[in-house]
Chemist: 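First the structure, then my questions, so here it is.
In what follows, chains are A, B, ... by sequence order, proteins preceding strands, each numbered from 1.
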2 protein chains.
Amino acid sequence: MNTRQAKQLFSDHLSRMGLRHTVQRDTILNCFLAAGRHITSEDLYNEIRKISPEIGIATVHRNLKLLCEIGIAEELKIGNEKTRYEQTVGRTHHDHLICTKCGEFTEVHDKRIEMLQAKLAAANGFVPVRHGLEIYGLCKKCK
Amino acid sequence: MNTRQAKQLFSDHLSRMGLRHTVQRDTILNCFLAAGRHITSEDLYNEIRKISPEIGIATVHRNLKLLCEIGIAEELKIGNEKTRYEQTVGRTHHDHLICTKCGEFTEVHDKRIEMLQAKLAAANGFVPVRHGLEIYGLCKKCK
DNA sequence: TTTAGTGCAAAGGCTTTGCAGATGT
DNA sequence: ACATCTGCAAAGCCTTTGCACTAAA
């Protein structure tokens, strides 16, 4: 499991950057790692409150931002929806199939698409850094 | 040119739906069609004000929404940026190369990628409706 | 005439920030 | 001790909405 790896990364980063190791940070990281793949700050906040009701949403936001900087989380902004946060430790890049009916997120990956994307960028003299592919439609259950 | 086509579509839609043909709507459509490809509501608003300073941003939003419903415009939401609006009349689907330095949007298209996306969706029992592919990186000038 | 459209300002929805007090180091 | 972190509330930012007035049809 990559929970341990993430915690190590987090701890190391805090030390290296002279940041403080607080109870809130621990709680937020734990809840984030225990949560589903594409959680919103609000849902995470609600999970966190079950454990530590005094933690504020501002702290959750501040630390989600920190997790993104460290590379433990990644923002996923889809249309009008609230920002979602993905766990990235020990995970490789993937794209998303998003069901417009039930909201289900399915992670998919295709090496050939990745390769063609790289070629497409190169053909335009473009140096790709990251990319996002989202396919909207109806999932197996909803179609 | 597809300006005429868009105006026709707009006019027809207004009549068909019993909506009113107003000076503001004309102005907004004209400015939208005259504007660049990936304009924000704010930039469009500023263009519009040069012609009709009394038009409000609310009206611009209301009518951009209408243009989207008609199929003349399409929302493009990218990361933390403001919503951008693309012209869609007479244009086919395309993806975007987005320069993280200068903000340039380049439109690209690759039939093979489209095909693989369709296959990928099908392999997951998913019925694709639309999709968006954005590749972030450095453009020719900025790299 | 009558009903949708407009402009304004206020409200919403989510995220960020300022600040005083709490807490790691 | 002292600088960061936190919680709260306020502010920001963009978009939407309520309302009285204007203007299409």
Side-chain angles (χ1 to χ4, degrees), chain A residues 10-32 38-70 73-85 103, chain B residues 10-32 38-70 73-85 103:
Chain A
F10 189 59
S11 186
D12 288 354
H13 183 91
L14 294 182
S15 305
R16 198 177 320 113
M17 305 299 278
L19 301 173
R20 291 174 184 173
H21 199 277
T22 66
V23 190
Q24 290 90 336
R25 284 189 167 150
D26 249 7
T27 308
I28 292 170
L29 177 60
N30 285 331
C31 288
F32 176 67
H38 307 100
I39 200 167
T40 62
S41 58
E42 191 184 356
D43 289 345
L44 180 58
Y45 176 54
N46 289 330
E47 285 306 309
I48 287 167
R49 291 212 305 197
K50 290 180 189 167
I51 296 165
S52 308
E54 71 290 347
I55 292 183
I57 186 77
T59 301
V60 173
H61 273 119
R62 282 188 280 239
N63 283 294
L64 275 172
K65 201 173 180 183
L66 179 60
L67 292 180
C68 289
E69 285 163 13
I70 301 175
E74 205 166 85
E75 285 192 339
L76 187 61
K77 307 212 174 196
I78 303 285
N80 288 315
E81 289 191 32
K82 302 184 62 170
T83 306
R84 288 167 182 278
Y85 295 85
Chain B
F10 189 61
S11 186
D12 288 354
H13 183 91
L14 293 182
S15 305
R16 198 176 320 115
M17 306 298 278
L19 301 173
R20 291 176 184 173
H21 199 277
T22 66
V23 189
Q24 289 90 335
R25 285 188 166 150
D26 249 8
T27 308
I28 292 170
L29 177 61
N30 284 332
C31 287
F32 176 68
H38 307 100
I39 201 165
T40 62
S41 57
E42 191 185 355
D43 289 345
L44 180 58
Y45 176 53
N46 289 330
E47 286 306 309
I48 288 167
R49 291 211 306 195
K50 290 179 187 168
I51 295 164
S52 308
E54 71 290 347
I55 293 184
I57 186 77
T59 300
V60 173
H61 275 119
R62 281 188 280 238
N63 283 294
L64 276 172
K65 201 173 180 182
L66 178 61
L67 292 180
C68 289
E69 284 162 14
I70 300 174
E74 204 166 87
E75 285 193 340
L76 186 61
K77 306 211 174 198
I78 302 284
N80 288 313
E81 289 189 31
K82 302 185 62 168
T83 305
R84 288 167 182 278
Y85 295 84

Chemist: Does any non-hydrogen side-chain atom of B:L67 lie less than 4.5 Å from one of B:Y85?
Modeler: no
Chemist: Rounded to the Å, how far apart are A:N80 CG and D:dC14 C1'?
Modeler: 12 Å
Chemist: Check the distance between D:dT15's P and A:K82's NZ and give it to me in whole angstrom.
Modeler: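 One finds 18 Å between P of D:dT15 and NZ of A:K82, rounded.
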Chemist: Would you please name every residue forming a salt bridge (charged side-chain N to carboxylate O under 4.0 Å, His left out) with B:R25, sequence neighbours left out?
Modeler: none
Chemist: Round to a whole Å and report the spacing from CD of A:E75 to P of C:dC14.
Modeler: 15 Å
Chemist: Could you state the atom-to-atom distance from CG of B:L64 to C1' of D:dT16 in whole Å?
Modeler: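 The answer, rounded to whole Å, is 13 Å.
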Chemist: Whole angstrom is fine here: how far is it from CD1 in A:I57 over to C1' in D:dA10?
Modeler: 16 Å
Chemist: Output the rounded distance in Å from CD (B:E81) to P (D:dT15).
Modeler: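 After rounding, the gap between these two atoms is 12 Å.
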Chemist: For A:R84 and C:dC14, what is the distance between atoms CZ and C1' respectively, to the nearest whole Å?
Modeler: 14 Å
Chemist: Please check this pair: side chain of B:S52 against backbone of B:I48, looking for a donor-acceptor N/O pair closer than 3.5 Å.
Modeler: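 Side chain of B:S52 to backbone of B:I48: no pair is present.
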Chemist: List the residues meeting side chain to side chain contact (heavy atoms under 4.5 Å, CB included) with B:E47, not counting sequence neighbours, and say none if there are none.
Modeler: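 Listed in chain order: B:K50.
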Chemist: Check the distance between C:dG13's C1' and B:K77's NZ and give it to me in whole angstrom.
Modeler: 12 Å
Chemist: Return a single string for nucleotides 3-8 of chain D, one symbol per nucleotide in 5' to 3' order, where B is base contact, S is sugar-phosphate-only contact and - is none, cutoff 4.0 angstrom on heavy atoms.
Modeler: BBSBBB
Chemist: Do A:N30 and A:T27 meet the criterion of a side-chain donor-acceptor pair at a distance under 3.5 Å?
Modeler: no
Chemist: At under 4.0 Å, does any side-chain N or O of A:H21 touch on OP1 or OP2 of C:dG24?
Modeler: no
Chemist: Hey, does B:L19 have a side-chain heavy atom less than 4.5 Å from the side chain of B:H13?
Modeler: yes
Chemist: Any side-chain N or O of A:T83 less than 4.0 Å from the OP1 or OP2 oxygen of C:dC14?
Modeler: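 No.
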